[in-house]
Number of protein chains: 2
Amino acid sequence: MTEKKRVTLKDIARELGISVSTASRALNSYQGISEETIKLVKDYAEKHHYIPNSIAVNFRKNRTMTIGMIVPEVVHYYFSSIISGALHAAKKQGYRVLISQTDEKLENEIRACHNMLAGNVDGILISISNETEEVDHIQDFLDEGKAVVQFDKYSEKLKSPIVTSDDLESAYRAVTHLIEKGYRKIAHINGLANVRNSKDRLAGYHKALKEHGLDFDPNWIPHCKDITEEEGFAFAKQLMESSNPPDAIFCITDSVALGAMNYLKQAKIKVPDEVGVMGFSNWKISEVMNPSLSTVEQHGFEVGKMAAEILLKATQNPNEESTNQFTEIKSDLIIRESTQK
Amino acid sequence: MTEKKRVTLKDIARELGISVSTASRALNSYQGISEETIKLVKDYAEKHHYIPNSIAVNFRKNRTMTIGMIVPEVVHYYFSSIISGALHAAKKQGYRVLISQTDEKLENEIRACHNMLAGNVDGILISISNETEEVDHIQDFLDEGKAVVQFDKYSEKLKSPIVTSDDLESAYRAVTHLIEKGYRKIAHINGLANVRNSKDRLAGYHKALKEHGLDFDPNWIPHCKDITEEEGFAFAKQLMESSNPPDAIFCITDSVALGAMNYLKQAKIKVPDEVGVMGFSNWKISEVMNPSLSTVEQHGFEVGKMAAEILLKATQNPNEESTNQFTEIKSDLIIRESTQK
DNA sequence: TTGAAAGCGGTACCAG
DNA sequence: CTGGTACCGCTTTCAA
């Protein structure tokens with residue numbers, strides 16, 4: 001193996017008969033260096049493909065220009081969009097992004113945090129797992145004066161900025177839309193009761209019903225465990241076969257809505273005429289479904305971009321106390337066929 | 001801001017009245033250290049939450065336990081699956097993964113490579129952009145004796161291991177399936193002619209036709225530029241309105257197939273009876289389409305996992321010359337309604 | 001079994 | 001404008 005040794009500052013200094021410090025200053029274009037020397041050094045560096053050893057620089061400056069990003073899942077339209085936005089913002093400011101996936105397991109999340117902390121990232125972006133209750137592993141960052149920004153699913157135990165979609169408000173608008181279309185008996189297939197975005201969407205549902213003076217049957221709010229198509233199918237069946245079936249179903253996610261639609265199709269219940277169906281997340285499938293599914297676009301790219309921008313700003317002002325700044329990225333209601341009574 | 005200073009080895013040594021080297025050895029459980037000292041140091045370290053400064057360790061050892069991963073796009077089922085597989089394999093071996101996205105732009109790819117190289121990653125996983133022809137920016141890694149593994153889209157100019165899906169073979173099987181189902185005039189909406197997986201899928205198409213002694217019209221092979229639904233629609237229209245319309249369309253991707261299906265639906269051409277449609281990639285939409293789309297599942301997770309495993313192995317044997325080892329992950333044909341004549 | 005010290009590749013302070 | 005030097009935190013060789 002060739003393994004060319006890299007040219008170092010010392011090499012440059014030796015070859016050019018100057019001191020290491022002069023070489024360093026010349027390359028960094030400090031003031032108080034003659035044009036001549038600068039040119040000499042820069043030319044030499046270029047010619048010999050000098051690449052500063054960033055580990056050494058990081059070591060000296062005690063920062064890495066790297067942020068960590070911890071997400072429950074990578075293969076997921078919303079999360080990958082968030083990642084994309086964060087990568088975009090980070091690149092723009094010359095930061096690198098280390099990504100770790102927890103698979104919704106607390107254990108993996110803790111390991112990832114330890115690893116990032118030991119790895120001296122300058123800050124982290126994190127969306128906590130469904131299992132996460134205690135957050136000491138994240139608090140460790142704050143205790144070291146490192147920036148943390150939470151996105152999507154967050155814990156209120158941490159004093160950190162938070163960036164999310166406006167789940168409550170957009171759920172409210174989604175359900176209001178159903179009401180305006182004439183649906184009156186609206187069910188909501190929700191997620192795990194203790195997960196933040198489930199709670200917010202449920203609250204938006206309640207808010208819309210209350211505002212329009214609509215009642216609901218407590219049986220109309222089943223909770224998914226894994227937010228799958230299968231659960232959507234099963235709960236839609238359960239709802240429609242109950243003694244008091246709804247005339248619309250607001251689903252926590254498009255995949256759940258897909259399952260519900262499949263059940264309705266099988267049961268020969270017409271969508272949107274007999275039952276309206278509303279999804280959430282605007283996955284590609286929602287456009288393709290038949291009838292096409294009304295849903296909510298959450299603009300993950302913007303969430304990720306904003307989260308990274310806030311993090312980098314905090315990273316660059318290390319003397320400021322971390323805040324609770326709360327940012328909601330406005331979602332858009334996308335109206336398609338499944339709610340057009 | 002609190003900004004607790006981290007405990008260093010020096011602190012431990014001072015407090016315990018031993019030398020820094022002894023403390024280091026005790027923590028790393030070297031031979032030739034008394035049990036007593038080891039216990040003393042380890043207890044102290046634990047009690048005071050000692051975290052080794054990994055920048056310093058990396059600096060000293062001249063490695064980072066970090067690999068870089070450069071992909072054209074993150075928000076993409078196949079690529080995000082590959083990322084997930086790579087993260088999985090890397091975590092297992094204690095490596096971290098830095099991710100960079102090129103948006104299919106050579107310029108971004110070059111920047112990402114420079115940045116990774118300067119950042120002293122131990123190796124990179126890369127899928128080149130559609131624009132990439134010259135690969136000096138990647139060759140730089142090999143020249144430094146750093147491991148490179150290419151996946152999905154690769155350049156043959158680099159002497160590096162390659163991991164991909166078996167595009168040629170699976171395209172061959174997909175088209176063979178169409179032939180077996182009785183389709184005889186099979187068109188293929190291909191991608192950019194110079195992109196590797198387009199070429200392979202096209203070759204698989206040709207192989208299947210040839211083997212079954214079927215002719216094809218040269219007009220039956222249009223090339224998408226962006227591989228979009230819109231192109232699928234437009235090319236399907238062009239094909240079906242031509243003087244010699246096909247009776248089946250093999251599409252380079254599910255999204256192209258979706259566009260094609262939409263055109264066929266609009267033109268009231270029955271799928272699969274009048275025209276068969278075959279996709280590629282097994283996106284979630286293929287299952288949801290009506291009729292459901294036959295397609296090819298490429299097992300991205302396995303591709304990413306394998307690529308990372310090969311990279312890490314190479315990283316750990318830095319004295320070995322890089323090889324051209326070529327690994328194909330076998331894809332699976334998924335037969336649904338759109339090809340059941 | 002332990003300690004002293006060199007040094008990884010830069011940065012930045014202090015002198016001149 | 002330039003050189004000398006200490007040092008960032010840790011590993012590792014050499015000597016005791």
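Every chain is numbered from 1 and lettered A, B, ... according to where its sequence line falls, protein lines coming before strand lines.
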Among C:dA4, D:dG3, C:dT1, which nucleotide has an atom closest to any side-chain atom of B:S19?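 Nearest to the side chain of B:S19 among the choices is C:dA4.
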The side chain of A:S34 is closest to which nucleotide in this list: C:dG9, D:dC1, D:dC10?
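Looking only at side-chain atoms, A:S34 lies closest to D:dC1.
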Quiz item: So, the side chain of B:D122 versus the backbone of B:M65: is there a donor-acceptor pair under 3.5 Å, distance only?
Solution: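 Checked: pair present.
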Could you tell me whether the side chain of B:D103 and the main chain of B:K105 form a donor-acceptor pair under 3.5 Å?
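It does not hold such a pair.
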(Q) Let's test your reading of the model: under 3.5 Å, does the base of C:dG3 pair with the side chain of B:R25 as donor and acceptor? (A)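 Side chain to base: pair present.
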inquiry  = Looking at B:T8 and D:dG9, is any side-chain donor or acceptor paired with a base atom of the opposite kind under 3.5 Å?
reply    =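 By the distance-only test, no, there is no pair.
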Take atom [atom1] of [X] and atom [atom2] of [N], then tell me their distance rounded to the nearest Å.
| X | N | atom1 | atom2 | result |
| --- | --- | --- | --- | --- |
| A:I12 | C:dT11 | CD1 | C1' | 15 Å |
| B:N58 | D:dC10 | CG | P | 12 Å |
| A:N28 | C:dG9 | CG | P | 17 Å |
| A:K39 | D:dT2 | NZ | P | 15 Å |
| B:F59 | C:dC8 | CZ | C1' | 4 Å |
| A:N120 | D:dC10 | CG | C1' | 13 Å |
| A:R6 | C:dC8 | CZ | C1' | 14 Å |
| B:E35 | C:dT2 | CD | P | 11 Å |

Below 4.0 angstrom, N of the basic side chain to O of the carboxylate: do A:K42 and A:E46 qualify?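 A salt bridge is absent here (no side-chain N lies under 4.0 Å from a carboxylate O).
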inquiry  = What I want to find out is whether A:E134 reaches A:K157 closely enough, with some N-O distance under 4.0 Å, to be called a salt bridge.
reply    =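 Yes.
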**Message:** Can you tell me how the ring of A:H48 sits relative to the ring of A:Y44, calling it parallel under 30°, perpendicular over 60° and tilted otherwise?
**Reply:**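 Parallel, since the angle between the ring planes stays under 30°.
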So, does [X] get its side chain near the phosphate of [N], meaning an N or O under 4.0 Å from OP1 or OP2?
| X | N | result |
| --- | --- | --- |
| B:K10 | D:dC8 | yes |
| A:T22 | D:dG3 | yes |
| A:S21 | C:dA12 | no |

- prompt: Where along residues 46-57 of chain B does a heavy atom fall under 4.0 Å from DNA chain D?
  reply: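 Here the set is B:Y50, B:P52, B:N53, B:A56, B:V57.
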Check your understanding: Which heavy-atom pair separates B:A314 from B:A147 by the least distance, and what is that distance?
Key ->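 B:A314 and B:A147 have their closest heavy atoms at CB-CB, 3.8 Å.
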*Do B:T22 and B:S19 have side-chain atoms, one donor and one acceptor, less than 3.5 Å apart?*
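B:T22 vs B:S19: donor-acceptor pair found between side chains.
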